[in-house]
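A short write-up of the structure that comes next.
Just so it is clear: chains get the letters A, B, ... in the order the sequence lines come, proteins before strands, and each one is counted from 1.
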2 protein chains.
Amino acid sequence: MKTEHRSGCPINLSLEVFGDRWSLIILRDMIFGGKRHFRELLNGSIEGIASNILADRLKRLMELGMLTKADDPSHKQKAIYSLTEMAITLVPIMAHLGAWGRVWLPVSEELSIRAELLEKGGPPLWEQFMDELRHDHLGTPVAAAGRPSVRATLQAGYEAVVARKASSAGQAAAS
Amino acid sequence: MKTEHRSGCPINLSLEVFGDRWSLIILRDMIFGGKRHFRELLNGSIEGIASNILADRLKRLMELGMLTKADDPSHKQKAIYSLTEMAITLVPIMAHLGAWGRVWLPVSEELSIRAELLEKGGPPLWEQFMDELRHDHLGTPVAAAGRPSVRATLQAGYEAVVARKASSAGQAAAS
DNA sequence: GCAACCGATTGCAAAACGCAATCAGTTTGA
DNA sequence: TCAAACTGATTGCGTTTTGCAATCGGTTGC
């Protein structure tokens with residue numbers, strides 16, 4: 001574990017945790033994509049991470065206290081990666097980052113719909129989502145009280161965009 | 001200019017902008033430290049950036065639209081770097097990043113007092129600070145209406161911590 | 001049994017990084 | 001006037017990180 005820091009500045013220390021090209025991508029896929037296994041992360045992310053980089057980052061994120069690893073009871077070889085509270089509290093930062101990117105960068109519609117919904121939901125939605133993550137990753141009991149899960153809402157929004165795009169593409173092809 | 005992106009995901013695109021060890025540090029020093037010149041950034045940051053890396057990142061941040069460069073009228077050789085609106089709107093992200101780091105990482109008191117004040121001030125303080133930055137970097141007229149500047153508040157907070165630390169260190173030495 | 005899948009590991013080339021020295025032009029101060 | 005200090009960089013060079021492809025031993029489903 002690296003214990004030497006460039007400085008005690010909070011922003012610098014945060015950068016030392018996820019100031020690289022892949023760590024936050026992995027956390028994004030775990031948080032918003034529900035990925036828990038090595039292969040899911042390897043094949044599931046659009047950006048195409050290499051397996052050695054993924055293994056290195058998972059190890060590093062565990063050393064930093066952002067992830068934990070456990071055996072999957074259903075498969076002797078499978079490992080389940082879980083978010084810690086430290087990682088779950090990144091949700092507001094992810095939301096802001098997504099909102100900023102939507103304004104200033106050439107985002108694609110399909111991939112930014114989740115960021116848009118997260119932005120519109122605001123802090124109350126983030127809190128509910130973090131509770132759902134705590135339930136899934138930490139085993140915390142959650143009082144979701146009949147509300148539709150944020151995960152389902154985000155997923156439905158994504159599928160709506162994809163369906164609309166497919167529809168308009170079909171129209172374009174038919175004309 | 002790099003025009004090839006790994007994906008159109010807002011978080012990924014944001015990472016492509018400042019997902020490295022130095023870009024955000026430079027922006028931090030410009031935003032919170034008021035650094036505008038090459039040498040200020042080179043010698044002023046605690047982390048100690050190398051001059052070739054600094055030159056490369058300044059160039060890159062300009063290409064990305066985060067910074068602009070202008071001649072300093074007072075010195076034929078001096079260049080003044082300015083934040084664009086794109087960079088100024090990073091303030092809320094910086095605030096969240098600092099707040100997260102204060103909770104989870106081994107921050108030092110002197111260097112995190114600004115993050116703490118920013119966190120306590122909340123979005124209204126961030127907005128005022130962004131207005132001050134717009135005034136300084138974009139020439140926008142600002143209606144600060146007698147309020148003390150956020151920059152002054154942050155600076156005063158920092159000096160108070162340093163003074164208190166020096167005092168207790170003196171007491172320790174005298175005992 | 002055997003193909004597909006599991007979480008990695010290894011080898012290797014390319015790119016990025018970090019450091020120190022250096023550059024030419026500008027300003028400062030004695 | 002003239003040297004020293006300072007301006008924003010640039011170059012060379014060795015180390016580290018990255019990205020890609022192939023591979024590993026073990027497990028599971030059929």
Side-chain angles (χ1 to χ4, degrees), chain A residues 1-7 12 15-26 29-30 33-64 67-82, chain B residues 1-7 12 15-26 29-30 33-64 67-82:
Chain A
M1 164 120 58
K2 180 184 286 184
T3 53
E4 199 174 335
H5 299 293
R6 301 189 301 186
S7 86
N12 174 58
L15 277 182
E16 290 184 10
V17 172
F18 42 73
D20 72 273
R21 291 224 162 328
W22 291 111
S23 297
L24 216 52
I25 294 288
I26 294 170
D29 287 342
M30 291 190 67
K35 310 289 170 61
R36 307 288 297 263
H37 301 291
F38 191 94
R39 292 281 161 168
E40 285 180 314
L41 290 162
L42 186 63
N43 303 320
S45 86
I46 336 156
E47 289 85 8
I49 189 171
S51 67
N52 55 346
I53 308 286
L54 176 58
D56 178 80
R57 289 307 185 281
L58 287 173
K59 182 179 154 207
R60 185 177 146 79
L61 288 171
M62 283 190 289
E63 289 170 348
L64 290 167
L67 301 179
T68 58
K69 183 163 110 172
D71 292 338
D72 185 330
S74 75
H75 189 306
K76 286 185 181 171
Q77 222 171 2
K78 265 188 182 171
I80 297 186
Y81 293 91
S82 298
Chain B
M1 165 123 59
K2 179 186 282 186
T3 53
E4 198 173 333
H5 299 295
R6 300 189 301 187
S7 87
N12 174 58
L15 277 181
E16 290 184 9
V17 172
F18 42 72
D20 72 273
R21 289 216 159 335
W22 291 110
S23 297
L24 257 195
I25 294 288
I26 294 170
D29 288 342
M30 290 189 68
K35 310 289 170 62
R36 306 289 297 263
H37 301 292
F38 191 93
R39 294 281 161 168
E40 285 181 314
L41 290 163
L42 186 64
N43 303 320
S45 87
I46 335 155
E47 289 84 10
I49 189 171
S51 67
N52 56 344
I53 308 286
L54 176 58
D56 179 79
R57 291 305 185 281
L58 288 172
K59 183 180 154 205
R60 186 177 144 79
L61 288 170
M62 282 190 289
E63 288 170 348
L64 289 167
L67 301 179
T68 57
K69 183 163 110 171
D71 293 337
D72 185 332
S74 77
H75 189 304
K76 287 184 182 172
Q77 222 172 359
K78 265 187 180 170
I80 297 184
Y81 292 91
S82 298

Tell me the interatomic distance from [X], atom [atom1], to [N], atom [atom2], rounded to whole angstroms.
| X | N | atom1 | atom2 | value |
| --- | --- | --- | --- | --- |
| Glu40(A) | dC5(C) | CD | P | 14 Å |
| Phe38(A) | dA4(C) | CZ | P | 20 Å |
| Arg60(B) | dA15(C) | CZ | C1' | 14 Å |
| His75(B) | dC6(D) | NE2 | P | 11 Å |
| Glu47(A) | dT18(D) | CD | C1' | 16 Å |
| Lys78(B) | dA24(C) | NZ | P | 22 Å |
| Ile49(A) | dG7(C) | CD1 | P | 14 Å |
| Asp72(B) | dT7(D) | CG | C1' | 10 Å |

Query - Contacting residues from residues 51-59 of chain B, given that a heavy atom lies under 4.0 angstrom of DNA chain C - result: Ser51(B), Asn52(B), Ile53(B), Arg57(B)
**Report entry** Residue met sooner reading DNA chain D from 5', once Leu42(B) and Asp20(A) are mapped to nucleotides
**Finding:** Leu42(B)
Which pair of non-hydrogen atoms, one from [X] and one from [Y], has the smallest distance, and what is that distance?
| X | Y | value |
| --- | --- | --- |
| Arg36(B) | Ser82(B) | NH2-OG, 2.7 Å |
| Val17(A) | Ser23(A) | O-OG, 4.0 Å |
| Ile53(A) | Trp22(A) | CG2-CD1, 3.6 Å |
| Leu15(B) | Asp20(A) | CD2-O, 4.0 Å |
| Gly19(A) | Arg21(B) | O-NH1, 3.3 Å |

Query raised in the report: Does Gln77(A) make a side-chain donor-acceptor contact with the base of dG26(D), cut-off 3.5 Å?
Result: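 In this structure, the two groups form a donor-acceptor pair.
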Query raised in the report: Do the side-chain N or O atoms of His37(A) get closer than 4.0 angstrom to the phosphate oxygens (OP1, OP2) of dG7(C)?
Result: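 Yes, because at least one side-chain N or O of His37(A) sits under 4.0 Å from OP1 or OP2 of dG7(C).
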Report summary line: side chain to side chain donor-acceptor pair (under 3.5 Å) filter on Arg39(B), not counting sequence neighbours, yields none
Query raised in the report: Which residue lies toward the 5' end of DNA chain C, Arg6(A) or Asn43(A), if each is placed at its nearest nucleotide?
Result: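 Here Asn43(A) is the residue nearer the 5' end.
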Report summary line: Side-chain contact check for Trp22(A): nearest option of dG19(D), dG7(C), dT27(C) is dG19(D)
**Report entry** Of the listed nucleotides dC20(D), dT7(D), dC6(C), the one nearest the side chain of Arg39(B)
**Finding:** dT7(D)
Query - Derivation and outcome, side-chain contact (heavy atoms from CB on, under 4.5 Å), residues Ile25(B) and Arg57(B) - result: CA-CA 10 Å; Ile25(B) 294 288; Arg57(B) 291 305 185 281; over 6 Å; no
